[in-house]
Amino acid sequence: MSTPTPYVYTFAEGGRDMAGLLGGKGAGLAEMTRLGLPVPPGFTVTTEACRTYLETGQEPPGLGAAVASALADLERAMGRRLGRADDPLLVSVRSGARFSMPGMMETILDIGLNDDSVVGLAKASGQERFARDSYRRLLQMFGRTVMGVDGALFEQAIAAHTAARGATDDHALGAGEMAALVEEFKAVIRRETGEDFPQDPFEQLYRAIRAVFASWNSERARVYRRREHIPDDLGTAVNIQAMVFGNLGPDSGTGVAFTRDPATGESGVYGDYLPDAQGEDVVAGVRNAVPLTELRHLAPRVYDELGDRLRTLEGHYRDLCDVEFTVERGRLWILQTRVGKRTAEAAFRIAHELRASGTIDADEALARVDGDELTRLMFPRFATRTTDVPVAHGVPASPGAAVGVVVFDSEAAGRRAAAGQHTVLVRRETTPDDLPGMIAAQAVLTSRGGKTSHAAVVARGMGKVCVCGAEDLVVDTAARQFTTPAGVEVHEGDTVSVDGTAGNVYLGAVPLTASEVSGCLETGEATGPLTRAVLSALAHADSVRRLEVRANADTPEDAARARRLGAQGIGLCRTEHMFLGDRRALVEAMILARDDTAREEALAALLPLQREDFTGILAAMDGLPVTIRLLDPPLHEFLPDRVDLAVRLASAAHPDPHDRELLAAVERMHEENPMLGLRGVRLGLAVPGLVAMQVRAIAEAVVHRLREGGRPRAEIMIPLVGTVEELRLARTETEQVLAEVAAGTGTTLDCPVGTMIELPRAALTAGRIAQLADFFSFGTNDLTQTTWGLSRDDAEASFFPLYLEKGVFAASPFETLDQEGVGRLVEIAVEAGRAVHPRLETGVCGEHGGDPASIHFFHRAGLDYVSCSPFRLPAARLEAGRAALTGVTGSDSA
Ligand code: ADP
Ligand code: MG
Ligand code: MG
């Protein structure tokens, strides 16, 4: 029979690898104890004991005895007894879960004080005021946390006394006033609970432990866990630790310290110090702390020792650590440590510097940064922390900072951008029609929609700042103004500043600073410590990753930029973007064509334009693959809106016959569910000449590039195939045109023809489809829609927020791949495809190609590449590298 796990561990028995059982704080205290750091002794009650308590409402049998025995050992070690009248031992009872949840749960200090031991404490310390103050603190914390008294009642009493003194904080209160407060607090407790504050030190201890257990389920702890994705069933450990006192006079104090600057990563001593205070005063902000460097003057020996201890910790954890410490009459005590949270900038710099100093290796340095952090560093930022009050607050959907004049539609955005103005596009919500405006603008602000709304997804993809769902704003696009809750009217042309990191909007221009990181990513040249760190992490990622990274790009400019950002080709070139703008008229002509001749004419007019586009893109990506998707969206997307047209016709004195024709076409083509309608390969098969025209344009562009001495590598991709028969028809037509162009120009054309896998049926019959496909590209956006049977735009506008809130989705399946469902289809298709076609090339071109978690999945699924928007390339490279690391866990997250 194995011995059951004990419920109690002394600090000397635990260690850093026991955070699951002892919580992060308990594991850290134990580790420091082992390292010989000055930690007040104590013991930890395990998370398992807490879980039992939360499940059954009772302490597990044996816990009481284990605590009593550990306490007896502690008393012996300290030479004092808990709450004894002459020279009492006092303890703190501290929460501490597996993952750090700062300030979310409860801690009670000074357990063991009562009407008798407070006298003993005064005598032993020689400080009456200190003893009374400590008792008052215990009553306050115990009253609130254990006995459920409203904390404001205590604070009001303190405020009354300090006000009577004409002071601003309780420091001004003397021993007599503290003693008076003690009596008042006891009375408050009696009045509010009908019970006296327990004088028995052991009762205090046991009730405090139970209250800490229960604080795991406090409302704020639950909310915090939901936001941080921390499981609800872990429970908290409880640390019982001998008290040390920072409030014994000017040679005492308390503070927090970091081994490096958590904002920049710069090495040095950082932190705050509060003389003559107890730990909780720092967080409570009762008085202003001084910079830690002051301690050098106040207590040079303590300062030096603290520096040594911090170096020991950083060397041991091999990472940035932060500590809570207390100085008791010139003696340093460390009360907590953990691997500290940090900004994105600090994460890169610290990883790089630890690697440069040989503390960690390149793999581990890479594991300690991530793609989201890199993305955050690529946005411009506000130069100073503004003290202005925001006029609006919404969902921080795409980080960074932007300043511009307000516009309400694409036309104004385009016009002002052409005049060199920066703009902020404000809409109730955005649709694909707003794309030109979003491209022209610096930021997008909407009053509807969440993190996965069209505005948010598109803005993130483009690297634009976005605040969405600012619900208090009334956006009136017709009147070209929006109104804030405070009644401020903001008109087109007014300047606003949008902070996409915080979700805030300010009136006027808050100064901006460009991101040095995005500059260096394109030039490849470091300009300082941060960019050096970023480039070195990326270089290592590139050297270890197996996944290739390509870009989604539709123009030569995008292609060139993507290449500078490290793209190894284009995974998705969308021809429909070439059908917009001036060319819309030609597309209209094609759609309206009454007979074959008219249609052929229209197609013939489009051909040279398409050829030119492809030539430019192939030139920008010379030598690298360019996957061109044949026209995918339903044709009516290229026609004007039905309602607009009808209104125009109805209100015109002399209706334009062309408009009439257009309206008839729009009505003819109207579909209830265009997403499931005449689009993709279906369109290519239904509209004669459409596939041929596009393939010819591609083929001729390739020939043109070959004649220029280039190395064009075009790949032709047939979208939305559901059965191999569709692919057979489209491929036959494609090959015929390729052969014609090859023969006509006397060239050999080597253009692989492949398909998108974006329907469940395609994934399930991938073995057959692979017989006719040179490559698979997973269109995970459509595959997600069709697997879930939902339309993304409709769902995001209606029930998505509810689903996220209710936990049906942990994250939007459009942001992060649904591995269980959609991912399963990807795996099935890859396996079946490779079984018939071992060298079948596979990649991903959906939104997920740039999402960190999804990239790790695609790596495991054995794909050859991911493709994403140019802006997301650096993060994708980094994550592809991280996915390839084995046996490295990254930062200790105790
Ligand atoms: P949190 O997790 O919210 O930081 P802690 O358990 O760390 O809560 O405690 C709150 C404050 O009380 C901290 O500043 C801590 O340093 C201080 N503190 C905890 N235990 C002791 C002790 N035994 N002696 C002195 N100060 C303590
Ligand atoms: Mg703490
Ligand atoms: Mg698609």
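Whatever order the structure lists ligands and atoms in, that order sets their numbers, starting from 1. Here the structure is a predicted model, which is why all the values come from computation and not from measurement.
We find that Arg80 and Glu75 are not joined by a salt bridge, their nearest charged nitrogen and carboxylate oxygen being 4.0 Å or further apart. Salt bridge status for Glu183 with Lys186: present, with a side-chain N to carboxylate O gap under 4.0 Å.
Looking at Gln278, Glu324, Met101, Arg338, it is Glu324 that brings a heavy atom closest to atom 4 (O) of ligand 1.
Taking a cut-off of under 4.0 Å to the non-hydrogen atoms of Leu335, the atoms of ligand 1 that pass are 16 (O), 21 (C), 22 (C), 24 (N), 25 (C), 26 (N), 27 (C). For ligand 1, the atoms lying closer than 4.0 Å to a non-hydrogen atom of Gly279 are 14 (O). Close approach of ligand 1 to Lys25 (heavy-atom distance below 4.0 Å) involves ligand atoms 1 (P), 2 (O), 5 (P), 6 (O), 7 (O), 8 (O). The Val244 neighbourhood of ligand 1 comprises atoms 24 (N), 25 (C), with distances under 4.0 Å to a heavy atom of that residue.
No more than 12 heavy atoms of other residues, nucleotides or ligands sit less than 6.0 Å from atom CZ of Arg331. Counting non-hydrogen atoms of neighbouring residues, nucleotides and ligands closer than 6.0 angstrom, the CZ atom of Arg318 exceeds 12 such neighbours.
Counting all heavy atoms, side chain and backbone alike, Val45 lies closest to Phe213 at CG1-CZ, 3.9 Å. The shortest heavy-atom contact between Ala157 and Glu184 is CB-OE1, 3.7 Å.
By the 3.5 Å distance cut-off applied to N or O atoms, Thr326 is not counted among the residues near ligand 1. Residue-to-ligand polar distances keep Ser95 apart from ligand 1: every N/O pair is separated by 3.5 Å or more.
Residue Met243 touches ligand 1 through backbone and side chain together, judged by heavy-atom distances below 4.0 Å. At a 4.0 Å heavy-atom cut-off, ligand 1 does not touch Val91 at all. Under 4.0 Å from ligand 1, not a single heavy atom of Met105 appears.
Taking the Mg ion (ligand 2) as the apex, the angle formed with OE1 of Gln336 and OE1 of Glu324 is 80°, to the nearest 10 degrees.
Between the side chain of Arg260 and the backbone N or O of Arg349 there is no donor-acceptor pair closer than 3.5 Å.
Relative ring orientation between Phe130 and Phe245 is described as perpendicular, the plane-to-plane angle rising above 60° on a 0-90° scale split at 30° and 60°.
Heavy atoms of Ala242 come nearer than 4.0 angstrom to ligand 1 in at least one pair.
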